[in-house]
Amino acid sequence: MTRSPSTAVIQDSVLSRRGKIRLASAFFAYFVLGWGDGVTGTLLPYFKSDLHLSFLLSSLFWVASASGYLLGTIAVEHVNRVLGRTVFYPDRLPRVAPLNIRSASEKETSITAYSKSRSRFYTMLCASIVHAVFFIIMGSKSGFPSMMIAYVISAFARSFVSGINVYVPLVSKKGLGFLYGFTSVGGFAAPLVCQSIIATGVRWVNFYFGSLVLSAINCSFIFFAFWPTEDELKSDTELAWALYRSTSGSSPASSSVIAEPMRSPTDSTAPLLGKEDVLGPHSEYISSYKAALRQLQTWTSALFALIYTGSESATQGFIVVYLLNVRNANPKTVGYVTSGFWGGMALSRFVWGYLGSVISFRQRKWIVQACINETLEKSLLLVIAFSMNLLILLVPSFIENAVSTAVVGTVYGPIFPANLASARDLLPAEVHLVSLAIIAACASFGAALFPFITGLLSTTVGARTLPYITIAQTIAMFCIWFLSPSRVPNHRG
């Protein structure tokens, strides 16, 4: 669906006045998400000792997280429709308040349709409130089952907040790279703060109760930043009535007309009346889905994402346990290693966010290749992630292992966004939506699968298995990325 010129002007005006503060709010929301996720590796030894968990049971936290994200992905479209349902009037702007109470006369002259700005506001606000429940449950320390539910809730909320990925590029072309960078900043800060307060004798549960302050600030910031502006409501109203008249061919007469929303991944701010009007016949969607499944690059990128997220999750989740059990690290300082991993990732993602829109497709391929593989004959590529994991395995030094972990985080930072960008460049435009959804689903599955495998092997063999797994993963990533195309195919220009 295309926007009218008047709509584009209105949106540009809104972005120029509100874009920066909304961008800051989105960054802070992702910081809070990273804050909640990044501390798991630091606290895993305390979970194990306080709750008497095995490595296998500990790994189920990542399974719960992936399950929550999957549930959220399934529910997000329906929830967005519900939260975006708005009563539009011919003579005034719609209400932002959640209740749409109409008099008998208003029912005769109004329509129920979809407001993108209202949906975005309530989705972000409700998801942030739900995410705060994660901190409450974790702080209550009410047992392993409740903590599993907390991780499901956290990931469920994260899947909804991730919807802001559609809005951020409209404000700033480099904003998406920085958005993931702030996730890593949260993952860097949380272990740092948590380990510091634990070292002073404060119980780890107090970290989660203290995190509620961040959640309160986040919800307040979202409420202020994403409250729909008058221009946005006016734009939604104009488009609602224009679309209603174009489909009904008459003036408003009955409240029985409901404009059902369909999600548009790019620029839809208008109410959408039906699947056929927006997406075309259902058979065309099925055809697009089948076309995406037939694309080798879809599965190549999906497999790469599965291995990468598995390696990232296993490293940041089990490195502290590995150092405690294998390197006899100091329990009062070992948690800082997780901060080093996330800090390196934050740094590289900020740099990548700046360079992502500047470098070419071929440069992106070989930069990532340099972040993964060992030096090859007649090649200047350097071994980074592979050699760091090898050093963690071979060098019996806590300090060296901590430095290597930070370097792994640094070189891992650009890899996932680069994989998505390469998939967009290599795949035909008509299969982007389905293909990227498959890649994201495989990434979520990998983030659960490999920590589970790591926990299983750690239970049966011992904590020393971690570097063996990560070394195998970096070799697999190297092979996949090395064999992927180095040039954009002709169909992409």
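Numbering of residues begins at 1 and proceeds along the displayed sequence.
- Counting non-hydrogen atoms of other residues, nucleotides and ligands closer than 6.0 Å to OH of Y468 gives a total of 12 or fewer.
- A distance-only check finds a donor-acceptor pair linking the side chain of S128 to the backbone of M124 [under 3.5 Å].
- Note that the OG1 atom of T405 and the CZ atom of F398 stand 9.0 Å from one another [nearest 0.5 Å].
- Considering CG of N419 and CZ of R424, their distance stands at 10.0 Å, rounded to 0.5 Å.
- The distance from atom CG of N80 to atom OG of S119, rounded to the nearest 0.5 Å, is 4.0 Å.
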Run the side-chain contact (heavy atoms from CB on, under 4.5 Å) check on D37 and R158 step by step: do they pass?
-> CA-CA 10 Å; D37 292 342; R158 186 170 69 249; 3.0 Å; yes
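- No option in W342, F28, F350 other than F350 meets the ring-ring contact (aromatic ring centres under 6.0 Å, His included) test with F182.
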Decide yes or no on side-chain contact (heavy atoms from CB on, under 4.5 Å) for Y30 and V185, but give the supporting numbers first.
-> CA-CA 9 Å; Y30 266 65; V185 171; over 6 Å; no
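- Side-chain atoms of S301 do not come within 3.5 Å of backbone N or O of T298 as any donor-acceptor pair.
- Within the 4.5 Å cutoff, side-chain heavy atoms of K48 are placed close to those of F55.
- V408 has its side chain within reach of F341: a pair of non-hydrogen atoms, C-beta onward, lies under 4.5 Å apart.
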What do the steps show when you test I222 against N218 for side-chain contact (heavy atoms from CB on, under 4.5 Å), and what is the final call?
-> CA-CA 6 Å; I222 289 173; N218 183 39; 3.7 Å; yes
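- Nearest heavy-atom pair across V32 and H131 is O-CE1, 3.9 Å.
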For Y180 and F416, run ring pair (Phe, Tyr, Trp, His ring centres under 6.0 Å): C-alpha distance rounded to whole Å, both residues' side-chain angles, the deciding distance at 0.1 Å, then the answer.
-> CA-CA 10 Å; Y180 288 107; F416 187 72; 7.1 Å; no
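- Distance alone, capped at 3.5 Å, places no donor-acceptor pair between the S311 side chain and the I307 backbone.
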After noting the C-alpha distance and the side-chain angles of S67 and Y151, does the key distance pass the side-chain hydrogen bond (donor to acceptor under 3.5 Å, both in side chains) rule?
-> CA-CA 9 Å; S67 300; Y151 272 84; over 6 Å; no
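- For the atom pair CG (L449) and OG (S444), the distance works out to 11.0 Å, reported to the nearest 0.5 Å.
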Mind running side-chain contact (heavy atoms from CB on, under 4.5 Å) on T454 and L466 for me, showing each step along the way?
-> CA-CA 6 Å; T454 304; L466 174 64; 4.2 Å; yes
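- In terms of modelled atom types and a separation under 3.5 Å, the side chain of T460 and the main chain of L456 share a donor-acceptor contact.
- The two residues G335 and P191 come nearest to each other via the heavy atoms O-CB, 3.8 Å.
- Defined by atom type and a distance below 3.5 Å, a donor-acceptor pair is present between the side-chain atoms of D236 and S117.
- Annotation for F445: atom CZ does not count as buried by contact number, only 12 or fewer foreign heavy atoms lying within 6.0 Å.
- Here the shortest heavy-atom pairing between R22 and A225 reads NE-O, 2.9 Å.
- Of the possible polar contacts, one joining the R118 side chain to the R85 backbone as a donor-acceptor pair under 3.5 Å is found.
- Residues C442 and F304 fail the side-chain proximity criterion, which asks for heavy atoms closer than 4.5 Å.
- Partner of F61 under the ring-ring contact (aromatic ring centres under 6.0 Å, His included) criterion, out of F47, F134, F452: F47 alone.
- Side-chain contact between F450 and S313 is absent, with no heavy atoms from C-beta onward closer than 4.5 Å.
- Without hydrogens or angle criteria, T309 side chain to A443 main chain gives a donor-acceptor distance under 3.5 Å.
- Comment: K141 engages D50 in a salt bridge, judged by a side-chain N to carboxylate O separation of less than 4.0 angstrom.
- Checked by atom type, the side-chain pair S348/Y412 shows no donor-acceptor distance below 3.5 Å.
- In this structure, T229 contributes its side chain and E232 its backbone to a donor-acceptor pair below 3.5 Å.
- Formation of a donor-acceptor pair under 3.5 Å by the S196 side chain with backbone atoms of L192 is found in this model.
- Shown here for S162 and Y69, the closest heavy-atom pair between the two residues is OG-OH, 3.8 Å.
- For the pair V82/H78, a side-chain contact is recorded, criterion being any heavy-atom separation below 4.5 Å from C-beta on.
- Taking each heavy atom of A127 and F160 in turn, the nearest pair found is CB-CB, 3.7 Å.
- For the pair S154 (side chain) and A150 (backbone), a donor-acceptor distance under 3.5 Å is absent.
- Ring planes of F31 and W35: tilted class, angle from 30 to 60°.
- In this structure, T474 contributes its side chain and A385 its backbone to no donor-acceptor pair below 3.5 Å.
- Taking the side chain as every heavy atom from C-beta outward, L51 and M147 approach each other to under 4.5 Å.
- The shortest heavy-atom contact between P94 and T237 is CD-OG1, 3.1 Å.
- We find the OG1-CE distance between T315 and M388 to be 13.0 Å, quoted to the nearest 0.5 Å.
- In this structure, I198 and Y46 have side chains that are in contact, with non-hydrogen atoms separated by less than 4.5 Å.
- A centroid separation of 6.0 Å or more is found between the aromatic rings of F207 and F135.
- With no hydrogens or angles considered, a side-chain donor-acceptor pair links R327 and Y322 at under 3.5 Å.
- Of the inter-residue distances, the one linking M138 atom CE with I153 atom CD1 reads 11.0 Å to the nearest 0.5 angstrom.
- At least one side-chain heavy atom of Y208 sits less than 4.5 Å from a side-chain heavy atom of V39.
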